[in-house]
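Here the structure is a predicted model, which means the values were calculated and not measured. Naming convention: chains lettered A, B, ... in sequence-line order (proteins, then strands); numbering from 1 in each chain.
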Number of protein chains: 2
Amino acid sequence: MPTQTAAQRRQVARIEYDAFLATCPSRQLVDRISDKWVTLVLPALADGPQRYSDLARRIAGVSQKMLTQTLRSLERDGLVTRQVTPSVPVRVDYELTPLGHDLMQLLSAIKHWAELHMDEVLEARATYDGAAR
Amino acid sequence: MPTQTAAQRRQVARIEYDAFLATCPSRQLVDRISDKWVTLVLPALADGPQRYSDLARRIAGVSQKMLTQTLRSLERDGLVTRQVTPSVPVRVDYELTPLGHDLMQLLSAIKHWAELHMDEVLEARATYDGAAR
DNA sequence: CGGAATCCGCGCGGATACTG
DNA sequence: CAGTATCCGCGCGGATTCCG
């Protein structure tokens with residue numbers, strides 16, 4: 001008589017498996033990097049320090065919630081610094097750290113690649129969709 | 001007497017604004033590239049053609065639904081090709097196109113960067129969390 | 001100005017079952 | 001083996017409101 005049902009054994013296997021994934025360092029960073037807003041915020045900081053409101057305007061389409069959330073996680077990961085100037089009204093500047101500058105260059109390369117090859121992708125989509133119909 | 005309430009004007013502005021974003025080509029590709037599974041599938045194809053089941057095993061953690069969905073979108077965008085061998089059982093191989101190979105190199109660079117600097121990020125997180133508490 | 005807090009819809013994505 | 005189809009939870013992220 002089995003002490004576990006098949007469903008229970010599957011459940012246990014899944015948990016151990018997830019634990020293995022959690023301990024894989026690169027996977028954690030890949031998840032963070034492959035974030036919609038991260039890939040837009042970092043290149044936006046390429047030209048030096050930016051104010052919060054400037055970022056919000058440049059990355060048109062982002063809500064303050066997502067912008068703040070993204071900046072906090074980037075600060076936590078040591079990729080950007082947050083500089084508060086206690087004037088009236090308050091002024092907050094964000095700047096890339098050396099580490100963040102490294103990553104920004106990689107993401108900017110992808111952004112540049114996207115702009116270069118967008119037409120080829122659009123063409124491929126048209127062909128694919130046309131053949132299917 | 002205004003013909004629109006403030007809420008209505010805001011709504012109109014939002015729609016025109018979204019339309020502008022939709023016509024921005026690079027944004028569409030950035031959205032596609034900054035996909036959790038895309039950044040894992042493309043590097044997995046770096047060593048040449050891979051069978052569906054091989055990919056499922058290498059990218060441990062992906063469901064068939066997500067793997068299939070990701071491969072379909074990559075095929076549609078002209079980044080991978082799908083080769084069906086009608087044997088018994090069926091065999092399906094996926095391979096990078098020249099365009100996909102280009103992008104794969106950029107994503108592999110990011111994956112490599114993540115593996116290299118994961119320790120620094122973990123250290124920054126520990127410092128950040130420690131200071132906050 | 002630069003957030004924090006709250007509410008909430010809906011779409012991503014996992015689990016399961018079935019097919020050629 | 002390589003999918004397709006269906007159900008469904010839950011977390012992402014937008015909208016709104018309030019604060020220092």
task: Might you work through the salt bridge (charged side-chain N to carboxylate O under 4.0 Å, His left out) test for Asp35(B) and Lys36(A), ending with a clear yes or no?
output: CA-CA 8 Å; Asp35(B) 178 283; Lys36(A) 179 182 177 181; over 6 Å; no
field: Of residues 50-57 of chain B, the positions that come close to DNA chain D - non-hydrogen atoms, cut-off under 4.0 Å
entry: Arg51(B), Tyr52(B), Ser53(B)
Using whole Å, what does the distance between atom [atom2] of nucleotide [N] and atom [atom1] of [X] come to?
| X | N | atom1 | atom2 | result |
| --- | --- | --- | --- | --- |
| Gln69(A) | dG13(D) | CD | P | 7 Å |
| Asp31(A) | dC12(C) | CG | P | 17 Å |
| Trp37(B) | dG13(C) | CH2 | P | 8 Å |
| Met66(A) | dA15(D) | CE | C1' | 12 Å |
| Leu67(A) | dC1(C) | CG | C1' | 13 Å |

Student check: side-chain heavy atoms of Val41(A) and Leu74(A) closer than 4.5 Å: yes
Heavy-atom side-chain contact between Tyr94(A) and Leu45(A) under 4.5 Å: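 They are in side-chain contact.
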Approximate separation, where rounding is to 0.5 Å, of Lys65(A) NZ and Gln69(A) CD: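 Rounded to the nearest 0.5 Å, the NZ-CD separation comes out at 6.5 Å.
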task: To the nearest 0.5 angstrom, please state how far the CD atom of Glu75(B) sits from the OG1 atom of Thr70(B).
output: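 Nearest 0.5 Å value for the CD-OG1 distance: 12.5 Å.
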Under the salt bridge (Lys or Arg N to Asp or Glu O under 4.0 Å) rule, collect the residues that match up with [X], sequence neighbours excluded.
| X | result |
| --- | --- |
| Arg57(A) | Asp54(A) |
| Arg91(A) | Asp93(A) |
| Arg125(B) | Asp77(A) |

message: Please compare Asp35(B) and Asp93(A) by the position of their nearest nucleotide in DNA chain C and report the one closer to 5'.
response: Asp93(A)
message: Can you pull out the residues from residues 79-92 of chain B that lie within a 4.0 Å heavy-atom distance of DNA chain C?
response: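 Of all residues in residues 79-92 of chain B, none places a heavy atom under 4.0 Å from DNA chain C.
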Dump the pairs, protein N or O against N or O of nucleotides 5-9 of chain D, anything under 3.5 Å, distances to one decimal.
none

Name all residues meeting the side chain to side chain contact (heavy atoms under 4.5 Å, CB included) criterion together with [X]; count only those two or more places apart in sequence or in a different chain, and write none if there are none.
| X | result |
| --- | --- |
| Glu123(A) | none |
| Ala44(B) | Leu55(B), Ile59(B) |
| Arg58(B) | Asp47(B), Gln50(B) |

query: What salt bridge (Lys or Arg N to Asp or Glu O under 4.0 Å) pairs are there with at least one residue in residues 78-88 of chain B, not counting sequence neighbours?
result: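 Checked against salt bridge (Lys or Arg N to Asp or Glu O under 4.0 Å) - neighbours excluded - no pair reaches residues 78-88 of chain B.
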Compile the donor-acceptor pairs under 3.5 Å between side chains in residues 100-113 of chain A and protein atoms, sequence neighbours left out, one pair per line.
from: Ser108(A); atom 1: OG; to: Met104(A); atom 2: O; distance (Å): 3.0
from: Lys111(A); atom 1: NZ; to: Glu115(A); atom 2: OE2; distance (Å): 3.1
from: Trp113(A); atom 1: NE1; to: His117(A); atom 2: NE2; distance (Å): 3.4

- request: Starting from the first five and the last five pairs of the helix from dC1(C)-dG20(D) to dG20(C)-dC1(D), work out the angle between the resulting helix axes, to 10 degrees.
  value: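 Result, rounded to 10 degrees: 50°.
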